[in-house]
Amino acid sequence: MFKKILIANRGEIAVRIIRACHEMGIAAVAVYSDVDRTALHVRKADEAYPIGAPAATESYLNIPKILDVAKRSGADAIHPGYGFLSENAKFAQACTDAGVKFIGPTAASMEMMGSKTRARQTMEAAGVPLVPGTARGLESIEQAQQVAERIGYPVMLKAAAGGGGKGMRLVHTPEQLKSSLEAARSEAERSFGDSEIYVEKAIVNPRHIEMQVLADEHGSTVYLGERECSLQRRHQKVLEESPSPVVDPDMRRRMGEVAVRVAQAAGYTNAGTVEFLVDPQKNFYFLEMNTRLQVEHPVTELVTGLDLVHLQIRTAAGEKLPFTQDAVRLRGHAMECRIYAEDPDNNYFPSPGKITLLIAPTGPGIRRDTGMYEGWSVPIDYDPLLAKLIGYGENREQVIARLGCALNEYFVGGIKTNISLFRRILRNPDFRAANLDTGFLDRMLKQQDVRNELETDPQAAHVAAIAAGMFAALAPAANGTSASTPDNGSRKVSTWRKIGRDEALR
Ligand code: MV4
């Protein structure tokens, strides 16, 4: 077993990994950029090494600097976390070459999954269900037109080197195809240095459901349940949950077996995630594989009772999986809110600055994976994820109730956060009914924008007043509600109590 692990990351995930190291009696080495000198992960580590200027390329993306710290500290393994170098095959190879164990898959597995067309070719050979389309890059506009006619519009143009929604273009008609293909190709060249574009049938209003897999280095691979990740804003996940409200045990087994086939076809080891698109008829299609531990891993940990970081470290140390597939049992429901330093009233722009007051929630079924503390200054240089608030309970309704209370307790003073967004999501009737798809959040926010518009535009407010009066006059006869009953079904909160509560927090 490793004696010392270097965590090549920062923020909440670095703190999370350091905690797992300490639980296993393993020393933790932190690296930090100049602006992260006072960061929580630096405080929690046994040793901490400065690695340079705030820019990621000068610090958390700098392979020679990180390997130099591994050497100087005597670390025998490196955990990359997520983001930064976590899916960088060159880094994985450089660790191996330096005799330091990379806690993750091999460089070869990463490379195979890094190209979406290479991945599709491998999966096609393995009999994995793919979205209809091409497994190779498009050679010409004529070929693109033929394929699009065959699979039917709308189609999705995608960059082979892309991922996470970058370099994607939805094409509705044949007339749009040529210009869209040219635009997609030049954007792919600019963004990824690789202009290879392929085409798929566009799945309209899909759900984004991903399956956690874990493979040891002795040929055993298991799936650990799925995560519903459809609540995204501009391809950024906002809230994730497990299990998915639409996946029944039979579908879970079928998706899990496909995910295991994907991992085995990729020669995968350690923890990984197979992403699927699920259409309204509950057909699922392989999308891509993420060769890293994901931000949302805690919801899987809570419903399986497993610690994925412990399991990553153990499998990287050559241990066999300590359980077989039939021992994996899912119990209860978990939901994660990603707490960002963003201003919901200013297009969710980052909101850096000093945290002057921090009141964090607790209570039964509440977990917080956090990288912030009162008095710390949130830097502008990195992804603004502050913490993850995860609720666990026997069922989805109990989790929503628990998270609702926890969000009302959560107070971060001195900066803006997106906490109010989660209060809105948890109150939303479609969310509560689990009517989710990848367009849900954009639709909800657009409705919110219309409401805000109404509040600011006097003329619109006048029209709204008339409409509300008509609703109040007509609605009780129709369905027993009245304009004064909040549409979220929640009890009316006394304004005086609410003002008193807010004052106390200021
Ligand atoms: C799709 C799709 C619909 N049809 N492919 C988005 C990022 C990457 N994981 C792949 N993604 C998608 N690929 C086909 N053929 C829908 C998504 C998608 C999505 C698209 C637009 C807006 C938000 C989205 C969130 C998740 C998935």
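Note that ligands are numbered from 1 as they come in the structure, with each ligand's atoms numbered from 1 the same way.
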So, E210 versus T273: side-chain donor-acceptor pair below 3.5 Å or not?
no
Just to confirm my output: which protein heavy-atom neighbour is closest to atom 26 (C) of ligand 1, and how far is it?
H208 ND1, 3.0 Å
Indicate yes or no: does D442 engage K446 in a salt bridge with an N to O separation below 4.0 Å.
no
Could you tell me whether K282 and D248 make a salt bridge, using a distance below 4.0 angstrom between a side-chain N and a carboxylate O?
yes
Test side chain to side chain donor-acceptor pair (under 3.5 Å) applied to T417 and Y410, step by step:
CA-CA 10 Å; T417 72; Y410 220 154; over 6 Å; no
When distances are taken from atom 17 (C) of ligand 1, the protein heavy atom at minimum range is L277 CD2, 4.0 Å
Is there a donor-acceptor contact under 3.5 Å from the side chain of D437 to the main chain of V204?
no
Return the closest protein heavy atom for atom 9 (N) of ligand 1 as residue, atom name and distance.
E275 OE1, 3.3 Å
Presence of salt bridge, K178 and E182, under 4.0 angstrom:
yes
Ligand 1 atoms in contact with M156 (distance to a heavy atom under 4.0 Å)
1 (C), 2 (C), 3 (C), 4 (N), 15 (N)
Which atoms from ligand 1 have a heavy atom of A202 less than 4.0 Å away?
4 (N), 15 (N)
Taking 4.0 Å as the limit for heavy-atom contacts, which would you say applies to L287 with ligand 1: side chain only, backbone only, both, or neither?
side chain
Can you tell which part of M168 has a heavy atom less than 4.0 Å from ligand 1: side chain, backbone, both or neither?
side chain
Under 4.0 Å from a heavy atom of V131: give me the atoms of ligand 1 that qualify, with their elements.
15 (N)
Does R368 pair with E409 as a salt bridge, N-O distance under 4.0 Å?
no
Distance under 6.0 Å and angle within 45° of the ring axis: does R396 meet both against F431?
yes
Would you say ligand 1 has an N or O under 3.5 Å from any N or O of T438?
no
When H208 is tested against each of E240, Q232, H235, K237 for side chain to side chain donor-acceptor pair (under 3.5 Å), which residue passes?
Q232
Could you tell me the residue and atom name of the protein heavy atom closest to atom 4 (N) of ligand 1, and the distance to it rounded to 0.1 Å?
I203 N, 2.9 Å
of all protein heavy atoms, closest to atom 16 (C) of ligand 1 is P206 CG, 3.8 Å
Considering K201, Q232, E210, which one's heavy-atom position lies nearest to atom 15 (N) of ligand 1?
K201
Looking at ligand 1, does K158 have a heavy atom less than 4.0 Å from it?
yes
Starting from atom 7 (C) of ligand 1, what is the nearest protein heavy atom, named by residue and atom, and what distance separates them?
G165 N, 3.0 Å
Under 3.5 Å: donor-acceptor pair, side chain of K158, backbone of E200
no
Identify the protein heavy atom lying closest to atom 23 (C) of ligand 1, giving its residue, its atom name and the separation to 0.1 Å.
H235 CE1, 3.5 Å
For E288, the atoms of ligand 1 under 4.0 Å from one of its heavy atoms are 8 (C), 9 (N)
